[in-house]
Visitor: 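Dropping a structure here in structure tokens format, bear with me for questions.
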Amino acid sequence: MADRPVALVTGAARRLGAAIARRLHADGYDLALHYRSSQAELDALVVELETARPGSTLALQAELGEFDRLPEMISATVGRFGRLDALVNNASAYFATPLGEATPAQWDTLFASNARAPFFLAQAAAPHLKAVRGAIVNMTDIYAERPRPGHALYCMAKAALVMATKALALELAPDVRVNAVAPGAILWGDDETDEARKQRMLARTPLARTGTPEEIAGTVAWLLRDAGYVTGQVIAVDGGRLIAG
């Protein structure tokens, strides 16, 4: 078994996933890096991390909606590194589903990446995490608690992930801690083109700014390594937006 801790990060090629990967790698983790379609970004990240520490990464391509790929990813990670200390369920589908237009296919897509895959990855990872008293961090969203108009299915899926976080924390205790991070305005989504809406959102944020990917990554790192008496919690990294009403 390798001396360095090992983390599997889903959706690691870009945005928050890449920031989390860089932070954990800097903290000494070897990494299994999952991606779905962003191969060019993932390849560049692997080159960057391998340059810093050769032999420290494993790239895993998978469609998270395909159930069989989930235990395969865990097996591949343990097969490569000999252990698994952390699972970061970061991958997420996100798009609008206005009421009256939502479809079962959209339901399946949003729930597959945001709720079903994190649960079944955790189930497959559990024996390995228990062996090293590891931890899981799920990336939820403040919209799991305060729904965004036009995005009911996404919000419902993230709310399911919040409950999965709490249920898994209970099921896997005392050997494995399970927590979640709920970002606020960090990186604007591709559909965030309304500048007036952005300004209204920031006006409802007590800290009056967007957060940074590095702040999210730092919270994930803290939950994995230093928060030894914290489990079943959702940490909102949102500049105070949830308390602002």
Visitor: Would you please test Leu202 and Arg209 for side-chain contact (heavy atoms from CB on, under 4.5 Å) and show each step?
Guide: CA-CA 6 Å; Leu202 292 179; Arg209 66 172 177 86; 5.6 Å; no

Visitor: Return yes if some donor-acceptor pair links the side-chain N/O of Gln106 with the main-chain N/O of Thr103 below 3.5 Å, else return no.
Guide: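 Yes.
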
Visitor: Looking only at atom types and distance, does a side-chain atom of Glu63 sit under 3.5 Å from a main-chain N or O of Gly65, one as donor and one as acceptor?
Guide: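 Yes.
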
Visitor: Nearest 0.5 Å please: distance from the OH atom of Tyr35 over to the CG atom of Leu45.
Guide: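 The CG atom of Leu45 is 12.0 Å from OH of Tyr35, to the nearest 0.5 Å.
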
Visitor: Side chains of Pro213 and Arg15: does their closest heavy-atom pair fall under 4.5 Å?
Guide: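 No; the side chains remain at least 4.5 Å from each other.
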
Visitor: Is the closest side-chain heavy-atom distance between Trp222 and Val230 below 4.5 Å?
Guide: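 Yes, side chains in contact.
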
Visitor: Considering non-hydrogen atoms only, spot the tightest contact between Phe81 and Gly55 and give its length.
Guide: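 For Phe81 versus Gly55, the nearest heavy atoms are CE2-O, 4.0 Å.
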
Visitor: Looking at CG of Asn179 and NZ of Lys166, how far apart are the two atoms once the value is rounded to the nearest 0.5 Å?
Guide: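 Here the interatomic distance stands at 11.0 Å.
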
Visitor: With no hydrogens and no angle check, is any side-chain donor or acceptor of Ser38 less than 3.5 Å from a backbone partner on Glu41?
Guide: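 Side chain of Ser38 to backbone of Glu41: no pair is present.
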
Visitor: Is Leu161 reachable from Val234 through a run of hydrophobic residues whose side-chain heavy atoms are each under 4.5 Å from the next?
Guide: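 Hydrophobic grouping puts Val234 apart from Leu161.
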
Visitor: Test side-chain contact (heavy atoms from CB on, under 4.5 Å) on Leu242 and Arg146 and set out the steps.
Guide: CA-CA 8 Å; Leu242 273 178; Arg146 182 172 296 172; 4.2 Å; yes

Visitor: Check whether any side-chain N or O of Arg177 sits under 3.5 Å from a backbone N or O of Leu223 as a donor-acceptor pair, and report yes or no.
Guide: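 Here the side-chain-to-backbone pair exists.
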
Visitor: To check you understand the geometry: which heavy-atom pair defines the closest contact between Asn90 and Gly17, and what is its length?
Guide: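 That would be ND2-CA, 3.3 Å.
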
Visitor: Grab the two heavy atoms, one from Thr140 and one from Ala182, that are nearest each other, plus how far apart they are.
Guide: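 The pair with the smallest heavy-atom distance is OG1-CB, 3.5 Å.
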
Visitor: For a quick test of reading the model, state the closest non-hydrogen atom pair linking Leu84 to Val78 and the distance between them.
Guide: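 Leu84 and Val78 have their closest heavy atoms at CB-CG2, 4.1 Å.
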
Visitor: If we ignore hydrogens and angles and just use 3.5 Å, is the side chain of Thr10 paired with the main-chain N or O of Ala91 as donor and acceptor?
Guide: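 It does hold such a pair.
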
Visitor: Can you pull out every salt bridge (charged side-chain N to carboxylate O under 4.0 Å, His left out) where at least one residue sits in residues 132-141? Sequence neighbours excluded, please.
Guide: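 Residue pairs with at least one partner in residues 132-141: Arg133-Asp175.
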
Visitor: Using 0.5 Å steps for rounding, measure from the CZ atom of Arg148 to the OH atom of Tyr154.
Guide: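 The CZ atom of Arg148 sits 9.5 Å away from the OH atom of Tyr154.
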
Visitor: Within this structure, what is the CG-CG distance for the pair Leu87 and Leu8, rounded to the nearest 0.5 Å?
Guide: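 Rounded to the nearest 0.5 Å, the CG-CG separation comes out at 5.5 Å.
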
Visitor: If you define the side chain from C-beta out and look only at heavy atoms, does anything of Leu42 sit under 4.5 Å from Val46?
Guide: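 Heavy-atom side-chain distance check passes, below 4.5 Å.
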
Visitor: Could you tell me if the side chain of Arg22 sits less than 4.5 Å from the side chain of Glu48, heavy atoms only?
Guide: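 Contact flag for Glu48/Arg22 side chains = yes.
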
Visitor: With clusters defined by side-chain heavy atoms of hydrophobic residues (ILVMFWY) lying less than 4.5 Å apart, directly or transitively, does Phe67 cluster with Leu64?
Guide: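 Same cluster.
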
Visitor: Hey, is the main chain of Pro98 close enough, under 3.5 Å, to the side chain of Glu101 for a donor-acceptor pair?
Guide: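 Judged by distance alone, no pair lies under 3.5 Å.
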
Visitor: If hydrophobic clusters are built from ILVMFWY residues whose side chains come within less than 4.5 Å, do Phe120 and Val162 share one?
Guide: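 No, separate clusters.
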
Visitor: Compare all side-chain heavy atoms of Met139 with those of Pro118 and state whether any distance is below 4.5 angstrom.
Guide: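 No, too far: nothing below the 4.5 Å cut-off.
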
Visitor: Does the side chain of Ser56 come within less than 4.5 Å of Leu31's, by heavy atoms?
Guide: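 A side-chain contact is absent here, since even the closest heavy-atom pair is not under 4.5 Å.
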
Visitor: Answer yes or no: does atom CD of Glu171 have more than 12 heavy-atom neighbours from other residues, nucleotides or ligands under 6.0 Å?
Guide: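 At most 12 heavy atoms, drawn from other residues, nucleotides or ligands, come within 6.0 Å of this atom.
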
Visitor: Can you find a pair of side-chain heavy atoms, one from Phe119 and one from Met163, that are under 4.5 Å apart?
Guide: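 With C-beta onward as the side chain, the pair stays apart.
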
Visitor: Less than 4.0 angstrom from a charged side-chain N to a carboxylate O is my criterion; do Arg241 and Glu145 meet it?
Guide: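 So Arg241 does not pair with Glu145 through a salt bridge.
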
Visitor: Supply the atom-to-atom distance Leu60 CG to Arg36 CZ, rounded to the nearest 0.5 angstrom.
Guide: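 Here the rounded value is 15.5 Å.
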
Visitor: Could I get the full list of salt bridge (Lys or Arg N to Asp or Glu O under 4.0 Å) partners for Asp85, not counting sequence neighbours?
Guide: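 Checked Asp85 against salt bridge (Lys or Arg N to Asp or Glu O under 4.0 Å); matches are Arg83.
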
Visitor: Taking it one step at a time, do Leu33 and Leu58 satisfy side-chain contact (heavy atoms from CB on, under 4.5 Å)?
Guide: CA-CA 6 Å; Leu33 302 168; Leu58 171 68; over 6 Å; no

Visitor: So, for Ala157 and Ala115, which heavy atoms are closest and what is the spacing to 0.1 Å?
Guide: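 Of all heavy-atom pairs spanning Ala157 and Ala115, the closest is O-CB, 3.8 Å.
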
Visitor: Quick one: does Thr205's side chain have a donor or acceptor within less than 3.5 Å of a partner on Ala208's backbone?
Guide: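 Flag not set: sc Thr205 to bb Ala208 has no pair under 3.5 Å.
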
Visitor: For Thr165 and Val178, which heavy atoms make the closest approach, and how far apart are they?
Guide: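 In this case the closest contact between Thr165 and Val178 is O-CG1, 3.7 Å.
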
Visitor: Side chain to side chain donor-acceptor pair (under 3.5 Å): which pairs involve residues 108-120, sequence neighbours left out?
Guide: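 Matches after skipping sequence neighbours: Ser92-Asn114, Asn114-Lys158.
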
Visitor: Take His25 and Arg53 through the side-chain contact (heavy atoms from CB on, under 4.5 Å) test and state the conclusion after the steps.
Guide: CA-CA 9 Å; His25 194 266; Arg53 190 166 69 247; 3.5 Å; yes

Visitor: Any side-chain to backbone donor/acceptor pair from Thr231 onto Ala169? Under 3.5 Å, distance only.
Guide: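 Not confirmed, Thr231 side chain does not pair with Ala169 backbone.
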
Visitor: Between Thr97 and His151, is any side-chain donor less than 3.5 angstrom from a side-chain acceptor?
Guide: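 No - no donor-acceptor pair under 3.5 Å links their side chains.
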
Visitor: Would you give the length of the straight line joining atom NE2 of His34 to atom CG of Leu121, rounded to the nearest 0.5 angstrom?
Guide: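 His34 atom NE2 to Leu121 atom CG measures 8.5 Å (nearest 0.5 Å).
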
Visitor: I'd like to know if Phe95 and Leu153 are part of one continuous hydrophobic network [Ile/Leu/Val/Met/Phe/Trp/Tyr, side-chain heavy atoms within less than 4.5 Å].
Guide: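 Same cluster.
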
Visitor: Got a donor-acceptor contact below 3.5 angstrom from the Asp238 side chain to the Gly240 backbone?
Guide: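 Yes: the side chain of Asp238 pairs with the backbone of Gly240.
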
Visitor: Return yes if some donor-acceptor pair links the side-chain N/O of Gln61 with the main-chain N/O of Ser37 below 3.5 Å, else return no.
Guide: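 The answer is no, because no donor-acceptor pair under 3.5 Å joins these two groups.
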
Visitor: I'd like to check Leu24 versus Leu224 (side-chain heavy atoms, cut-off strictly below 4.5 Å). Are they in contact?
Guide: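 A side-chain contact exists here, since the closest heavy-atom pair is under 4.5 Å.
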
